Amino acid sequence: MTTRAGRPPTSRTAEDATVPAGRGKRAGRVARSAFRPRRFMTSLIAAVVLTAGGALTAIEVFSVMGGHPARIVPYGWFVHWAEHASWRSWQVLAICAAVALVGLWFVLAGLLPGRPRVVPLRGDDRDLAMAVTRGGLGKALVAVAEEVPGATQARVSLGRRRVRVSVHCPSHAVDAVKEQVRRAVQGKLEEIRPLTGYRVAVRARTRRV
Amino acid sequence: MDRHAARLNRVLLVLTGLLLIAAGGTGLAFGLGAFGHLRAHQPVLSRVTRHFAAVHAWYWPEIGAGAVVAAFIGIAWLLAQGRSDRIAGVVLDDGDGTGRTIVPAGTLATALQDDIQGLPGVRSARVRLTGKPSAPRLRLNVTYERRADLLELRRGLQDPALARLRGTLEVERLPTVVRLNLVTGDERRVVE
């Protein structure tokens, strides 16, 4: 049982209706951009490797040129290996493939927008970007689902575009409870107004009564 | 970390990634025979390469200089990760060019925090002023009662809270980013 929620026309208030469509879109773009991942961890790894690699190479090169090799890294064995390994040996091919793959990872991390850790909300003001934490949104939806008579022990899983709700309910009232839970969760999403239109899927876990 | 650092991250990641793809790709091309089978069978560090480095005096200094540049870029990149975009105060222009007033960010943040905490449903609020002293921005962390109306909170933030601050600072725009944490008394398991 799935349905779309998040941006139904019925949820628009009278105030929203007076807002030109372009303003809402621009506000949405601003909200999405404000909560885009900053690629902190990938950048940290890349920056540490770049700094360490650059510093070690510079120290080794200039210390050898000055006549007092620092030998912080044992590059003697690497030179020996590189003098004997051909370009088509599997070790060299594997290292080159790994380097290219890391490069691809960095390029994709830089170019792809990424999934925000919070859920951006719709609004009409581009100077006011709002988002709710995923945990907070999940708990709010759990509470709403558990308010439905007969539904207990609700669990909510927030996907990219889908909200999966799982509830315990008596076996004789599965269809009715599922429909009510779906409506309740959908209603709450319409109230919270996430920028992404979520689909609501409800699963009922029955127990012996 | 500010949005400038986010942009810097993405640009440097793409550039570093392209360099790594070029290096790895060239090695793979050598190994897979794109430059001839003879080249594929040669060692990675051939006599030709060693001879080239030996006869050109600029070779090792250039490698060293390149490494120093890479290390400096790396350090700058690392420092950017920890840089805060918080500002200490906001500059108010008197308009007639005779002088300017600096309002401490702490004072403004406390006033706005009090305003927001007065809105229905708000449990707590934390305000941070970022951007430039002449063009401030706001980052708000608001803990909000999940049963309360979010639309009402949005309206309350727009007017009076932010409108009052805009009036005080005499600025037309005050870009604000709000991170809401919906809370309640009882906690349930949520699978993310």
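This one's a predicted model, so the numbers in the text were calculated from it and none came from an experiment. Chain naming here is simple, since letters A, B, ... match the order of the sequence lines and numbering starts at 1 in each.
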Contacting moiety of [X], where chain B heavy atoms sit under 4.5 Å:
X	value
A:Gln91	neither
A:Pro116	neither
A:Val132	both
A:Met130	both
A:Val64	neither
A:Leu112	backbone
A:Leu121	both
A:Val99	both

| request: With chain B as the partner chain, list the residues of residues 47-57 of chain A whose heavy atoms fall under 4.5 Å from it, by residue number, and write 'none' if nothing qualifies. | output: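 Against chain B, the residues of residues 47-57 of chain A that fall inside the cut-off (heavy atoms, under 4.5 Å) are A:Ala47, A:Val48, A:Leu50, A:Thr51, A:Gly54, A:Ala55, A:Thr57.
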| task | For A:Asp125 and B:Gln158, run side-chain contact (heavy atoms from CB on, under 4.5 Å): C-alpha distance rounded to whole Å, both residues' side-chain angles, the deciding distance at 0.1 Å, then the answer. | result | CA-CA 9 Å; A:Asp125 184 355; B:Gln158 281 170 327; 3.2 Å; yes
| task | Would you sort out whether A:Phe106 and B:Leu15 count as a side-chain contact (heavy atoms from CB on, under 4.5 Å), showing the intermediate values? | result | CA-CA 9 Å; A:Phe106 286 177; B:Leu15 291 178; over 6 Å; no
| field | Within-4.5 Å side-chain heavy-atom neighbours: A:Asp127 and B:Thr176 | value |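 Answer no - side chains too far apart.
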| message | Can a donor-acceptor pair be found, under 3.5 Å and without considering hydrogens, that links the side chain of B:Asn9 to the backbone of A:Arg38? | response |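 Side chain of B:Asn9 to backbone of A:Arg38: a pair is present.
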| said: So, applying side chain to side chain contact (heavy atoms under 4.5 Å, CB included) with A:Thr133, which one of B:Thr143, B:Asn181, B:Val183 is it? | reply: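 Considering B:Thr143, B:Asn181, B:Val183, a side chain to side chain contact (heavy atoms under 4.5 Å, CB included) with A:Thr133 is found only for B:Asn181.
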